[in-house]
Amino acid sequence: MTRTARRSLARPVEFTGPGVHTGENGRVRLLPADGGGIRFVTEDGTEIPADIRHVADTTLSVTLAKGDARVRTVEHLLAACHLLGITDLRMEVAGPELSVLDGSAWPFTEGMRRAGLRTVGGFVLPWTIAEPLRVADGSRFIEAFPTDRPILEVEIEYEHVLIRRQQWRGDLSRADLETELAPARTFGFMKEAERLRKQGFARGADPENTVIFTEHGLYEGELRFPDEPVRHKALDLLGDLWLLGRPLLAHVRAAWPGHELNVRFAREVLARGLSERDARPILCT
């Protein structure tokens, strides 16, 4: 079983901007931590662990909660942490929602790299599974199989000329994975915009932070990858899986994943994966 060093930042870094759903400005200040995992700290001082057991809502984003305190749209920042292997951070949050920035995890990874990464002592062992597991919702599913290398396969299909059926496959241990997934932006469809805004979603979405598909093409700009939508779905899944607190050593296949299904799958890993007793962090002496 491969162990990985615990990692944090060398210096603080801050991100600000509007949230994709509320449209209101948010700020998050990332502070180095010498242990304790990743924790969000709200304006009233409540600490909310970035833990699957604190997920309160998965409607179009992931919201964490503890008591009355909530942090909304955490998935892109957690995906950046997953890609960089960051296990320990204190994140001070102001505002109702984390900033969407450009709609991807790239500004987060770039900002954290500029702040510097450092090991903090100790190691984490990955989650493993002893037998295949699967969660499904109709034709949508996420399944995992035991393996000695972390592999992720994601597939989506939309009735749109620029999407159709897309597939992405990657070895999560590869050093260049960050460049393949972090720049992939969130996306949506112009025909759904009015309905979503009436329901309280996508009020901050615009061409600066969202790939907007019209009936026959793009509303504005160009795709960063021909298969950018499926890469973003893979990025979201990485962010949601980082709520397990350490990597998952498995071959994961996901068909049409979304936050609700991602969280159900992570909870199944928590219930059926390697025990806490066997997989607890190993501290250096």
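The first residue of the sequence shown is numbered 1, and numbering continues consecutively from there.
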Checklist entry - So, the side chain of Trp127 versus the backbone of Leu244: is there a donor-acceptor pair under 3.5 Å, distance only? => result yes
Checklist entry - Counting heavy atoms not belonging to Asp176, are there more than 12 under 6.0 Å from its CG? => result yes
Checklist entry - Any side-chain heavy atom of Glu143 within less than 4.5 Å of one from Pro132? => result no
Next on the checklist: Applying salt bridge (Lys or Arg N to Asp or Glu O under 4.0 Å) to Arg264 and Glu268, what does each step give before you reach the verdict?
Outcome noted: CA-CA 6 Å; Arg264 279 180 54 202; Glu268 192 69 13; over 6 Å; no
Item to check | Pair listing, side chain to side chain donor-acceptor pair (under 3.5 Å) test, anchored in residues 10-39, at least two apart | outcome: Thr22-Glu97, Asp34-Arg118
Checklist entry - Hey, are Asp88 and Arg7 close enough for a salt bridge, meaning a charged N less than 4.0 Å from a carboxylate O? => result no
Item to check | Given His259, His232, His82, the one that forms ring pair (Phe, Tyr, Trp, His ring centres under 6.0 Å) with His76 | outcome: His232
Checklist entry - Parallel under 30°, tilted from 30 to 60°, perpendicular over 60°: which one fits the rings of Phe189 and Tyr158? => result tilted
Checklist entry - Once you round to the nearest 0.5 Å, how far does CD1 of Ile86 lie from CZ of Arg6? => result 12.5 Å
Checklist entry - Gln166 side chain to Ile156 main-chain N or O, any donor-acceptor pair under 3.5 Å? => result no
Next on the checklist: With a 3.5 Å distance limit and no angle check, can you tell me whether Glu178 reaches the backbone of Leu84 through a side-chain donor-acceptor pair?
Outcome noted: no
Next on the checklist: If the threshold is 4.0 Å, N to carboxylate O, is there a salt bridge linking Arg164 and Glu157?
Outcome noted: no
Item to check | Check against side chain to side chain donor-acceptor pair (under 3.5 Å), Ser173 and Arg149 | outcome: CA-CA 7 Å; Ser173 65; Arg149 296 185 69 83; 3.0 Å; yes
Checklist entry - Side chains of His251 and Glu153: do they bring a donor and an acceptor to under 3.5 Å? => result yes
Item to check | Modelled atom types, side-chain donor and acceptor of Trp242 and Glu75, under 3.5 Å | outcome: no
Checklist entry - Is there a donor-acceptor pair closer than 3.5 Å between any side-chain N or O of Asn209 and the backbone N or O of Asp206? => result yes
Checklist entry - When you measure from the centre of the six-membered ring of Phe141, is the NZ or CZ of Arg134 under 6.0 Å away and within 45° of the axis? => result yes
Checklist entry - Between Arg140 and Asp137, is there a salt bridge with N-O shorter than 4.0 Å? => result yes
Item to check | Side-chain donor or acceptor of Arg70 paired with backbone N/O of Ala65 under 3.5 Å | outcome: no
Checklist entry - Would you say the side-chain atoms of Glu228 pair up with the backbone N or O of Arg224, donor to acceptor, closer than 3.5 Å? => result yes
Checklist entry - Using the ring of each side chain (for Trp, its six-membered ring), is Phe108 parallel, tilted or perpendicular to Phe15, with breaks at 30° and 60°? => result perpendicular
